[in-house]
Amino acid sequence: MTLRLATWNVNSLRKRTAHLARFVAEARPDVICLQETKVSDAAFPHDEIAALGYPEVVIHGQKGYNGVAILSRRPLAKRDKRVWCGRDDRRHLCVRLADGLEVHNFYVPSGGPTPDRAANEKFAHKLDFLTEMADWAARSRIARRNAVVLGDLNVAPLETDVWNHKRLLRSVGHTPVESEHMARLHAAGPLIDVGRHFVPAEQPLYTWWGYRFPQSYQRDYGWRLDHILASPKLAGALKAFRVHRETRTWEQPSDHVPVVLDLA
DNA sequence: ATGACTTGTAATACAAGA
């Protein structure tokens with residue numbers, strides 16, 4: 001039996017409920033991890049989400065910013081979250097399925113405008129967040145479990161993870177120090193970079209196209225910011241991988257598109 | 001040349017995204 005797992009930064013759940021319904025109808029994921037829901041738990045659109053047919057709904061949101069949620073067709077044995085960098089800013093949720101698979105849904109800080117940790121507190125927060133993730137992966141011995149770490153990690157670590165490597169080396173999201181932090185997270189598990197397990201590093205692979213750059217999608221000015229990382233025990237279970245680029249052409253889309261993994 | 005847009009909040013501009 002296959003488990004289909006999806007991650008999607010929807011950039012406001014309430015603005016994107018119709019897109020989520022369309023994605024569910026077309027991709028039929030068993031578990032959906034959402035980021036940037038931008039809605040408090042009190043205002044969560046329970047009725048619209050219930051109509052999608054996911055009996056298990058785990059939410060961890062706040063008003064206006066950030067926010068994560070997990071929808072599951074499979075029964076959950078455990079639901080959990082933890083505070084990162086001492087801030088309860090709704091960037092993480094964890095569930096364990098009844099069969100033992102652990103799913104960690106993350107929204108890593110974007111990092112602000114300047115890639116300078118002394119001048120930009122948001123960039124320092126981002127690097128500290130990634131460091132804390134790597135420490136957690138190592139200390140909790142994630143490699144001993146069947147675990148997936150996924151979400152909007154807000155770093156495009158490889159040259160082919162952005163549309164213009166040279167031009168973007170000094171842009172937040174693609175600086176060498178951020179790529180090093182991502183590499184440390186991968187090594188700390190160790191964790192498999194599922195996207196690059198299926199798509200060779202020689203080929204461009206993107207999951208985000210900005211709103212501000214005119215016709216960024218049409219020109220394919222993309223970045224790979226959304227990731228699925230898997231513990232080594234799952235290596236033999238990785239069956240298929242797909243980036244649902246087409247959602248970026250839908251009317252009033254999120255700037256991120258869904259990333260999907262099939263696990264045996 | 002990440003400038004150009006989109007979102008939420010709250011009151012017509014501002015913060016934030018990356």
Side-chain angles (χ1 to χ4, degrees), chain A residues 7-20 34-45 48 59-69 84-85 87-92 106-117 119-130 133 151-182 204-227 243 247-257 259:
Chain A
T7 175
W8 194 6
N9 178 327
V10 288
N11 185 16
S12 171
L13 179 59
R14 286 173 295 181
K15 280 276 187 191
R16 232 63 71 187
T17 49
H19 282 195
L20 186 58
L34 302 171
Q35 303 90 34
E36 280 206 273
T37 55
K38 294 188 176 181
V39 62
S40 69
D41 292 350
F44 189 85
E48 287 157 290
I59 61 177
H60 189 40
Q62 65 183 8
K63 188 175 179 176
Y65 303 104
N66 308 337
V68 287
W84 300 83
C85 296
R87 305 185 194 192
D88 188 13
D89 52 0
R90 278 66 169 177
R91 295 182 180 276
H92 170 249
F106 279 96
Y107 175 51
V108 171
S110 61
T114 314
D116 178 344
R117 72 173 298 146
N120 173 14
E121 185 277 331
K122 291 177 180 177
F123 194 70
H125 181 212
K126 180 181 197 174
L127 296 183
D128 292 346
F129 196 104
L130 291 165
M133 285 177 72
D152 177 2
L153 304 189
N154 262 323
V155 180
L158 305 179
E159 294 188 14
T160 49
D161 290 338
V162 292
W163 63 275
N164 188 327
H165 167 64
K166 275 192 169 179
R167 174 175 174 160
L168 297 170
L169 264 174
R170 284 169 301 282
S171 295
V172 171
H174 189 60
T175 62
V177 65
E178 291 168 276
S179 297
E180 286 162 18
H181 279 67
M182 278 287 282
L205 184 62
Y206 311 138
T207 67
W208 176 87
W209 293 262
Y211 291 126
R212 281 188 276 186
F213 213 125
Q215 301 200 304
S216 65
Y217 183 77
Q218 289 75 10
R219 299 176 182 189
D220 205 18
Y221 292 166
W223 300 48
R224 183 169 73 112
L225 300 177
D226 303 274
H227 299 265
V243 177
T247 65
R248 190 63 178 76
T249 70
W250 296 352
E251 192 175 350
Q252 292 187 293
S254 170
D255 41 357
H256 296 256
V257 302
V259 178

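Proteins get letters first, then strands, A, B, ... in listed order; numbering begins at 1 in each.
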If I take atom [atom1] in residue [X] and atom [atom2] in nucleotide [N], what distance separates them, rounded to the nearest angstrom?
X: A:His227; N: B:dA18; atom1: NE2; atom2: C1'; answer: 13 Å
X: A:Gln62; N: B:dA15; atom1: CD; atom2: C1'; answer: 14 Å
X: A:Tyr107; N: B:dA16; atom1: OH; atom2: P; answer: 12 Å
X: A:Arg212; N: B:dA16; atom1: CZ; atom2: P; answer: 13 Å
X: A:Arg91; N: B:dA16; atom1: CZ; atom2: C1'; answer: 11 Å
X: A:Asn154; N: B:dA18; atom1: CG; atom2: C1'; answer: 6 Å
X: A:Phe129; N: B:dA18; atom1: CZ; atom2: P; answer: 13 Å
X: A:Phe213; N: B:dT6; atom1: CZ; atom2: C1'; answer: 17 Å

OP1 or OP2 of [N] under 4.0 Å from side-chain N/O of [X]:
X: A:Ser110; N: B:dG17; result: yes
X: A:Lys63; N: B:dG8; result: no
X: A:Asn11; N: B:dT6; result: no
X: A:Ser171; N: B:dA18; result: no
X: A:His256; N: B:dA18; result: yes

Which part of the nucleic acid does [X] contact within heavy-atom distance under 4.0 Å: base, sugar-phosphate only, or nothing?
X: A:Asn9; result: sugar-phosphate
X: A:Trp208; result: sugar-phosphate
X: A:Leu168; result: base
X: A:Asp152; result: sugar-phosphate
X: A:Gly111; result: nothing

Identify whether the distance between the nearest side-chain nitrogen and carboxylate oxygen of A:Arg117 and A:Glu178 falls below 4.0 Å.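 A salt bridge is absent here (no side-chain N lies under 4.0 Å from a carboxylate O).
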Taking NZ, NE, NH1 and NH2 as the nitrogens, is one of them in A:Lys126 or A:Asp128 under 4.0 Å from a carboxylate oxygen of the other? no
Spacing of the [atom1] atoms in [M] and [N] (rounded, Å):
N: B:dC14; M: B:dT2; atom1: P; answer: 23 Å
N: B:dA1; M: B:dA15; atom1: P; answer: 26 Å
N: B:dT12; M: B:dT7; atom1: C1'; answer: 15 Å
N: B:dA4; M: B:dA10; atom1: P; answer: 24 Å

Out of the candidates A:Asn120, A:Leu130, A:Asp89, only one should pair with A:His125 under the side-chain contact (heavy atoms from CB on, under 4.5 Å) rule; please name it. A:Asp89
Can you spot which of A:Trp208, A:Phe213, A:Tyr206 makes a side-chain contact (heavy atoms from CB on, under 4.5 Å) with A:Tyr221?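 The option that passes is A:Phe213.
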Run the ring-centre check on A:Trp84 versus A:His92 and record whether the distance is less than 6.0 Å.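 Yes, they do, as the ring centres are separated by less than 6.0 Å.
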Where each residue is assigned the nucleotide of DNA chain B containing its nearest heavy atom, which of A:Arg16 and A:Pro214 is assigned the position nearer the 5′ end?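 Residue closer to the 5' terminus by nearest nucleotide: A:Pro214.
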5' priority, DNA chain B, between A:Lys38 and A:Trp163 [closest heavy atom]: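 Nearest-nucleotide comparison on DNA chain B picks A:Trp163.
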Given B:dA18, B:dA16, B:dT9, the nucleotide with the shortest approach to the side chain of A:Arg14: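 The closest nucleotide is B:dT9.
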Any chance the side chains of A:Glu36 and A:Asn9 put a donor and an acceptor closer than 3.5 Å?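 A pair is found: one side chain offers a donor N or O, the other an acceptor, under 3.5 Å apart.
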